[in-house]
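Chain identifiers are assigned alphabetically (A, B, ...) following the order of the sequence lines, protein sequences preceding nucleic acid strands; residue numbering begins at 1 within each chain.
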Amino acid sequence: MSVAENQAAAGRGSARAVAILSSLGRFLVIAVTTYLGLLAVTFFIGRVIPIDPVLAVLGDRAPTAVVERTRREMGLDLPWIEQFYLYVKAALRGDFGTSVLTTNPVMSDIRRVFPATIELATLGTIIGAVIGVPLGVLAAVKRGSLIDQVARIVGLIGYSVPIFWLGLLGLVLFYAKLQWIAFPARLDVVYEYTFTPITGFYLLDAAIQGQWDVFYDAWRHIVLPAALLGYLSLAYISRMIRSFMLNELAQEYIVAARAKGLSERRIIWGHALRNAAVPMVTVIALSYANLLEGSVLTETVFSWPGIGLYITNSLQNADMNAVLGGTIAIGSVFIAINLFSDLLYRLLDPRTKTG
Amino acid sequence: MSDTLLEVDDLRVTFPTRTGLVQAVRGVSFSLRRERLGIVGESGSGKSQTGRAIMGVTPPQAEVSAKKLAFDGMDLLSMSPRERRALRGSRIAMILQDPKYSLDPVMTIGRQIVETLRTHEKVSKAEARERALAMLQAVQIRDPARVFDLYPHEVSGGMGQRAMIAMMLVTGPELMIADEPTSALDVTVQLDVLKILDKLVAERGMGLIFISHDLRLVSSFCDRVVVMYAGKVVEQIKASELRDAQHPYTRGLLNCMPRIGFERHPLPVLDRKPEWAA
Amino acid sequence: MTASVVLSRREWLLSDRPASRLQARLGRAYVAWRRFSANRLALVGMLIIVALLVVAAFADVLAPYSPTVGDLKNARLLPPGAAHWFGTDDLGRDIYSRVVYGARWTLYVVILVAIIAAPIGLLVGTIAGYAGGWTDTILMRITDIFLAFPKLVLALAFVAALGPGIENAVLAIAITSWPPYARIARAETLTVRNSDYIKAVQLMGASPFRIVLRHIMPLCISSLIIRVTLDMAGIILTAAGLGFLGLGAQPPLPEWGAMIASGRRFILDQWWVAAAPGAAILIVSLGFNLLGDGLRDALDPRSGDQ
Ligand SMILES: Nc1ncnc2c1ncn2[C@@H]1O[C@H](COP(=O)(O)OP(=O)(O)OP(=O)(O)O)[C@@H](O)[C@H]1O
Ligand SMILES: [Mg+2]
């Protein structure tokens with residue numbers, strides 16, 4: 001064993017910490033520029049494209065005095081670059097203007113509706129990962145078998161189906177015909193007034209307060225939209241996991257594991273999947289981000305009072321501040337998820353050395 | 001009979017491919033006592049597939065057949081997969097070519113050694129650790145406790161291959177198949193690793209199948225040599241008598257080896273005749 | 001006699017020593033085609049897309065009724081039957097005829113988006129890859145920023161500003177879908193940039209503009225085509241989503257997404273109004289996905305499945 005090797009290994013712990021910190025810094029820079037890019041695009045959409053941004057924000061029924069005041073507030077007489085500076089400053093304070101439709105600040109609206117979306121997307125991702133990962137692993141292990149074919153077809157349809165249409169058909173079958181689930185909303189009207197949420201995640205809140213009747217009701221409302229989003233995420237996750245696993249199973253260390261006399265079970269779940277877990281984290285995070293986006297259409301179908309429904313309602317009423325605020329909100333979560341999954345990737349993979 | 005460790009008679013390995021069946025191994029026969037047997041041959045001659053078929057780690061799509069494939073008097077091919085697996089890693093072990101790819105990259109070296117041990121023997125965690133450390137010592141790793149917690153990418157190729165040997169020998173197997181254990185290593189450490197392997201095999205009285213394409217290495221390291229060509233054995237010979245080999249292919253391999261002090265023009269070309277493979 | 005002719009033609013195509021550039025090219029295409037046609041699902045995908053083209057081309061012949069004018073008095077919300085295969089909608093229009101005409105709008109969207117987005121991506125990617133340095137850094141940073149955005153939401157915001165309509169929907173989708181093409185084009189450019197072949201062209205004094213246009217862009221085309229085909233399904237789904245939200249095609253255009261939106265009001269009692277257009281979207285997206293997979297496996301054996 002060489003001296004150099006000794007030293008290299010001795011400095012291993014701290015070197016790795018430094019590497020992770022420096023990549024954290026790099027990722028933060030990327031996240032910040034991406035966020036600025038997002039603001040630039042929404043600025044462009046809100047201020048540059050419309051012929052009169054004030055009308056775009058206020059609608060054409062606003063009184064002249066209000067129009068004039070807003071025009072000054074938005075700084076429309078200033079040069080573009082200064083306007084953008086003010087815009088970024090406001091956005092960093094969480095000020096996205098006021099919604100014409102709800103007359104509230106957009107930020108407080110978003111805070112109110114976001115938990116509903118998070119609850120839906122989280123449940124969807126859990127469903128997708130819990131079914132999608134084993135399905136992808138089995139499809140890879142039993143490649144070409146019936147289960148592989150089924151997984152492939154299920155995945156392809158998930159990639160090809162319009163989710164809002166599947167949601168409508170689901171309502172016809174499970175709500176109208178079979179009556180297994182509740183009507184499109186988040187809770188029955190009875191509970192809307194008696195139930196006081198704490199975190200905004202109704203399933204969780206009901207469980208904390210021990211109100212199991214509310215829990216059951218919330219479950220009957222969320223199960224179909226969550227299952228649909230879960231299906232989308234399952235299609236994506238299982239397909240990616242299959243290809244990761246095929247890649248891992250072809251490696252030499254799998255032959256070595258067999259030569260050690262390990263059981264197939266241990267080889268697949270303990271070695272191959274453990275290696276595939278590194279890219280898998282990214283895939284699950286991306287799938288979560290995709291579901292946030294998928295929620296726009298799903299929430300519309302299921303009258304689910306989340307950010308997606310908020311955006312589409314605002315669209316229908318030409319409420320530009322709300323639309324762009326919602327866009328920025330979803331975009332920010334996207335960026336955060338990307339940042340988070342990059343970091344997790346680095347933590348999980350022992351080979352990570354330098355950025 | 002009792003001192004025959006392994007008996008191979010008419011071993012065949014066939015791969016189905018898009019263009020039809022490919023016979024990688026076509027009727028290989030030899031037997032092995034507690035001795036060192038070398039298998040040599042050019043690339044693609046079926047050396048690795050022979051080793052893997054004995055080990056029972058042939059890819060699932062391939063077909064393995066033999067008139068006889070017996071380890072210590074037990075028929076390997078008629079065993080249940082479970083019995084076969086119990087032999088692997090405990091009584092028969094295998095070292096692969098490149099430690100960079102044959103060690104699990106996301107598991108520490110120590111855990112990989114302990115895993116072999118605990119798969120085959122009921123030992124406590126602490127005892128398994130002790131034995132793994134002792135094994136690392138036995139392959140002449142000077143600071144076993146430190147290496148135990150390293151990941152494969154954190155050690156050099158030479159040390160990785162020693163860890164691989166430790167991982168495979170920790171259970172005290174009786175037969176070791178080493179598939180080009182040094183070809184991926186730096187020339188400077190090749191000899192170290194070979195010496196360690198040689199010493200352990202001698203000390204423990206193991207049988208060894210040493211696969212290589214380096215005829216000189218094999219002749220100095222092994223007692224007997226099997227020469228393969230196109231999936232067949234063309235010659236079996238004592239290592240000491242290699243110079244008097246009869247078969248033209250073996251002679252060709254010998255002639256291709258460079259010798260210091262001999263000017264050779266033109267460079268010899270390995271002769272291949274289809275009838276040797278027939 | 002014929003057998004031997006066929007055989008020799010095959011041999012000519014598969015020859016190791018093609019005598020002309022044409023022969024080499026045809027030979028390569030033939031090998032790719034054999035790989036492609038061995039994949040049954042890919043053939044199904046191609047069949048679906050061919051059917052889509054045929055339906056769009058012959059919509060006038062295939063549709064028994066007008067797609068926009070219905071029989072309000074006698075034919076409102078009829079269930080599927082002999083006269084109206086897929087039933088009729090709330091304005092008494094024949095849904096089958098509307099679905100048939102809808103094929104045209106689907107093709108319109110898909111082709112326009114491809115025509116706009118692919119060249120943008122190609123241009124950005126090849127310039128970034130060929131120029132390198134700061135140009136590369138900045139262009140790729142912008143590309144990454146766009147890649148990190150939620151596509152559908154961004155398209156929504158664009159349409160909100162531009163105003164609803166199918167042209168604006170196309171524009172919004174195109175704006176959000178060029179970045180992957182830029183990535184691909186850049187990667188391809190980097191692999192050939194330092195090749196002897198490009199060096200030789202440089203020595204001959206060709207301008208960078210000419211090199212990129214005549215020598216690098218053509219090399220990016222095949223991987224770009226695969227990627228665009230794989231993206232088609234996504235484009236169709238996004239367009240349908242915009243239509244469903246009332247931001248894409250406007251009534252009375254028989255666009256499938258908008259048709260589902262108009263069927264939504266009757267979904268619990270007259271499910272068929274929304275069922276047929278949704279099924280059409282599913283089948284066509286499936287076709288593009290299957291075709292794209294098949295093309296990828298045939299033209300790029302490295303990523304192949306078999
Ligand atoms: N998975 C496979 N599918 C089809 N053919 C295979 C497969 N694996 C090996 N072969 C064939 O088996 C033959 C023997 O391979 P093997 O790996 O045993 O050669 P080798 O003698 O070990 O060569 P090398 O010195 O290069 O390691 C090769 O010619 C190869 O074509
Ligand atoms: Mg080999």
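In this structure, C:L286 CG and A:I153 CD1 are separated by 8.0 Å, a value rounded to the nearest 0.5 Å. The structure places CG of C:L41 at 7.5 Å from CD of A:Q149, a figure rounded to the nearest 0.5 Å. With rounding to the nearest 0.5 Å, the separation of CZ in A:R239 from CG in C:D293 is 4.5 Å. With rounding to the nearest 0.5 Å, the separation of CG in C:L230 from OH in A:Y159 is 10.0 Å. Summarising the geometry, atom CG belonging to C:L156 is positioned 8.0 Å from atom OG1 belonging to A:T312; distances are rounded to the nearest 0.5 Å. Here CZ of C:F146 is found 11.5 Å from OG1 of A:T34. Values are rounded to the nearest 0.5 Å.
Interface remark: A:Y35 contributes no atoms to any contact with chain C (heavy atom separation under 4.5 Å). For C:F288, no part lies near chain A; criterion is any non-hydrogen pair under 4.5 Å. Neither the backbone nor the side chain of C:I142 comes within less than 4.5 Å of any heavy atom in chain A. Contacts between C:A261 and chain A at a heavy-atom distance below 4.5 Å are absent for every atom of the residue. At a 4.5 Å heavy-atom cutoff, the contact between A:I157 and chain C is made by backbone and side-chain atoms alike. Contacts between A:L324 and chain C at a heavy-atom distance below 4.5 Å involve the side chain alone, from C-beta outward. For A:I45, the parts lying under 4.5 angstrom from a heavy atom of chain C are both the backbone and the side chain. Interface remark: A:L156 contributes backbone and side-chain atoms alike to the contact with chain C (heavy atom separation under 4.5 Å). Heavy atoms closer than 4.5 Å to chain C are found in both the backbone and the side chain of A:V172.
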Self-check item: side chain to side chain contact (heavy atoms under 4.5 Å, CB included) between C:F149 and A:V41, intermediate numbers included
Solution: CA-CA 10 Å; C:F149 285 167; A:V41 171; 3.8 Å; yes
Exercise. List the steps, then state whether side chain to side chain contact (heavy atoms under 4.5 Å, CB included) holds for A:W165 with C:L282.
Key: CA-CA 9 Å; A:W165 176 73; C:L282 170 59; 4.2 Å; yes
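Ranked by non-hydrogen atom pairs under 4.5 Å with chain C, the options A:I330, A:V296, A:T300, A:V48 are led by A:T300. The most heavy-atom pairs under 4.5 Å with chain A, out of C:A240, C:G287, C:G163, C:G234, come from C:A240. Chain A forms the most heavy-atom pairs under 4.5 Å with one residue out of C:G241, C:P277, C:G263, and that residue is C:G241. Of the listed residues C:V284, C:I236, C:I283, C:I281, the one with more heavy-atom pairs under 4.5 angstrom with chain A than any other is C:I281. When each of A:A176, A:G37, A:P162, A:G308 is scored by its heavy-atom pairs under 4.5 Å with chain C, the top score falls to A:P162. Your options are C:L162, C:L290, C:L268, C:V159, and the one with the most heavy-atom pairs under 4.5 Å with chain A is C:L268. Per-residue counts of heavy-atom pairs under 4.5 Å with chain C were compared for A:I163, A:N290, A:V301; the largest is that of A:V301.
The shortest heavy-atom contact between C:L237 and A:S160 is CD2-O, 3.5 Å. A:E293 approaches C:P150 most closely through the heavy-atom pair OE2-C, 2.9 Å.
A:Q316 places a side-chain N or O within 3.5 Å of a backbone atom of C:L245 that can act as its donor or acceptor partner. No donor-acceptor distance shorter than 3.5 angstrom exists from the side chain of C:W271 to the backbone of A:L169, with no hydrogens or angles considered.
Between C:L154 and A:T327 there is a side-chain heavy-atom pair separated by less than 4.5 Å. A 4.5 Å side-chain heavy-atom check between A:I30 and C:D144 finds every atom pair outside the cut-off. A:L168 is listed as a side-chain neighbour of C:I260, based on a closest heavy-atom distance under 4.5 Å.
Under a cut-off of 6.0 angstrom, the local environment of CZ in A:F43 is crowded, with over 12 non-hydrogen atoms contributed by other residues, nucleotides or ligands. The 12-atom threshold is not exceeded at CH2 of A:W180, counting heavy atoms of other residues, nucleotides or ligands nearer than 6.0 Å.
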